[in-house]
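Naming: A, B, ... by sequence-line order, numbering from 1 per chain. Computed from a prediction, not measured in an experiment: that's the story for all the values here.
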Protein chains: 2
Amino acid sequence: MPVAVLEAFTAPVHIALRQQDIPLTSAPVVPLRVLCSSCHLRELCVPCGVSSSDIQRLDDMKFGRRRVKMGQILYREGDRFQFIYAVRSGTFRSNLMLADGREQVNGFYMAGEVMGLDGVANGVHASSATALEDAEVCVIPYAHLTDMAMGNSGLQQVVGRLMSREILREHSLMMLLGSMNAEERLAAFLLNLSQRLKARGYSASEFHLRMSRAEIGSYLGMTLETVSRTFSAFQQLRLLEVDKRHIRLIDLEGLRRAFEVRLH
Amino acid sequence: MPVAVLEAFTAPVHIALRQQDIPLTSAPVVPLRVLCSSCHLRELCVPCGVSSSDIQRLDDMKFGRRRVKMGQILYREGDRFQFIYAVRSGTFRSNLMLADGREQVNGFYMAGEVMGLDGVANGVHASSATALEDAEVCVIPYAHLTDMAMGNSGLQQVVGRLMSREILREHSLMMLLGSMNAEERLAAFLLNLSQRLKARGYSASEFHLRMSRAEIGSYLGMTLETVSRTFSAFQQLRLLEVDKRHIRLIDLEGLRRAFEVRLH
DNA sequence: CGAATTGTTGATTCCCCTCAAACTGGGTGG
DNA sequence: CCACCCAGTTTGAGGGGAATCAACAATTCG
């Protein structure tokens, strides 16, 4: 595992002025194009499991690239659905609103993960996506992708798998919200994060959280205070060390057992 | 609205021998075939929003039909993914299991709704589906459907929309589990049920629940006792009348306000 | 009829929310 | 440069909502 990358990732983030809620109305379209075939994320991202001839087709689409600064909103709930977005770097938060104005975080996306698929049903985005740090995404025109997939079973499967993966992701969050207590939720969250970071070549045991306690709490269906308390409890149990957003998992096995606290 | 149908639906169910957990290993394949074009559910189901020429294509597939008795399992978590299923009649419960054995209901499906799409991602069903009453489904070979969709944008969109709709369904359940109290959850559940029944030509205000208190509780992330108590509380508030599984919604507006109890 | 299943209701416990105060590090402006 | 502010975090005290444990009624089935 590349140590330099690890350190770049786990080094403290010096958070500059947080540019909250800056919509990207005048899209800074970056003319640079990206090729899937030469992307270091190809094993995780859209081209995962696709034959090399089909990757060629993806290359032909020449996805646009877009930089998104911390705090900027990539797309908003209610925006017309046109693109899906593959994260190239950085982390995003996805959230949606209840009719009465309550808001909830319903996902965090990192490199290689695809956002925006909930817009297919009604042609309108059902959630908003905000960058939690300076980030970059591939902009994939959905209609273009499905056109491309026409008459090509490989690409067609890609789209299906992406959506189905999103369904599975939500399944596990539902299980979490429906049948776990605070400790189990946080443990599940951390283990999931750890595993995703590991798949991306980062340390599975030491990392920096890109999201606040409030965002974690919203995602896990608990208050920010309970998140903080649970972190402290885990530290006391020597399961991990926590300093603000810097996390070091000490006892992964112990964290996994935290799932089974309730199960006697 | 056809009264006879309504009464058939809202009449007390005399629950016969509940055949729990009977897998359909030897599938009783019904040779009868179904045509989408002449199906009374075509506005709700797969053919929704599809041009008549594309419906012709669906007809050509001649979906198989399968009867499922109450308590029988249509497919199990872990089964190889081959088919998706459109409910023709009856109600299904979908549930999945945590690694430690805890189980959770994650959906109820009624006529015109499509089950099984969570199997696309890994080629394996991620949840199980059980009939809550004698039921009938259309058996749709997924590979055949996507083959058919090849080179046909209308059918291709069908599959995308079905999956995206499933994502939206889970979104709303997550919001519910993440940020609502017991009263809001049950109110949301009842209003959702009411609206779906109305769309199917049944009464929006009077119906029979096909699921137990325990199943509702599992779905809504609360215990069966709390479900029962909340029903009683709603009755005391004259929002509805409840007698076991028979429900009569008196004050739909009041139930909607139950969402806003928390929001002052 | 007794056994089993489902639903209702009561008493008690406890987990987590709410409210509140204090601390931290960084950025800013005098 | 230092005082101040601010957002984010930690920690404490107290209360409430839902889980847990338990008893009982109603219905169905063997």
**Study point:** Nearest heavy atoms of I216(A) and F108(A), plus distance in Å
**Key:** N-CZ, 4.4 Å
Point to revise | Shortest non-hydrogen separation from S127(A) to D118(A) and the atoms involved | key: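 Residues S127(A) and D118(A), closest heavy atoms: OG-OD2, 2.7 Å.
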Given atom [atom1] of [X] and atom [atom2] of [N], what is their separation to the nearest angstrom?
{"X": "L220(A)", "N": "dC15(C)", "atom1": "CG", "atom2": "P", "answer": "18 Å"}
{"X": "M222(B)", "N": "dT20(D)", "atom1": "CE", "atom2": "P", "answer": "13 Å"}
{"X": "E184(A)", "N": "dC16(C)", "atom1": "CD", "atom2": "C1'", "answer": "14 Å"}
{"X": "Q235(A)", "N": "dT9(D)", "atom1": "CD", "atom2": "P", "answer": "15 Å"}
{"X": "I216(A)", "N": "dC16(C)", "atom1": "CD1", "atom2": "C1'", "answer": "17 Å"}
{"X": "E183(A)", "N": "dC16(C)", "atom1": "CD", "atom2": "C1'", "answer": "12 Å"}
{"X": "M70(B)", "N": "dT5(C)", "atom1": "CE", "atom2": "P", "answer": "15 Å"}
{"X": "H246(A)", "N": "dT9(D)", "atom1": "NE2", "atom2": "P", "answer": "15 Å"}

Practice item. Looking at every strand, decide which applies to G217(A) at a 4.0 Å heavy-atom threshold: base, sugar-phosphate, or nothing. Key: nothing
**Study point:** Check: M211(A) main-chain N/O paired with R93(A) side-chain donor or acceptor under 3.5 Å
**Key:**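 Between the backbone of M211(A) and the side chain of R93(A) there is no qualifying donor-acceptor contact (under 3.5 Å).
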**Study point:** Pairs where residues 165-176 of chain A contributes a residue and the test side chain to side chain donor-acceptor pair (under 3.5 Å) is met, not counting sequence neighbours
**Key:** Y109(A)-E166(A), Y109(A)-R169(A), E166(A)-R169(A), E170(A)-H171(B), H171(A)-N106(B), H171(A)-E170(B)
Check your understanding: Between Y75(A) and Y85(A), what is the ring plane arrangement, given parallel below 30°, perpendicular above 60°, and tilted in between?
Key -> parallel
Check your understanding: For T91(A) and E133(A), does a side-chain donor sit closer than 3.5 Å to a side-chain acceptor?
Key -> yes
Review point. Quick one: is T223(A) getting a side-chain N or O under 4.0 Å of the dC16(C) phosphate, OP1 or OP2?
Key: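 False: T223(A) side-chain N/O out of range (4.0 Å or more) of dC16(C) OP1/OP2.
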Pull out every protein N or O sitting under 3.5 Å from an N or O of nucleotides 7-14 of chain C, one pair per line with the distance.
unit_1	atom_1	unit_2	atom_2	d
dG7(C)	OP1	R245(B)	NE	2.8
dG7(C)	OP1	R245(B)	NH2	3.4
dG7(C)	OP2	R213(B)	N	3.0
dT8(C)	OP1	R213(B)	NH2	3.3
dT8(C)	OP2	R213(B)	NE	2.8
dT8(C)	OP2	R213(B)	NH2	3.4
dT8(C)	OP2	S228(B)	OG	2.8
dT8(C)	O5'	S228(B)	OG	3.2
dT9(C)	OP2	S232(B)	OG	2.5
dG10(C)	N7	R229(B)	NH1	2.8
dG10(C)	O6	R229(B)	NH2	2.9
dA11(C)	N6	R229(B)	NH2	3.4

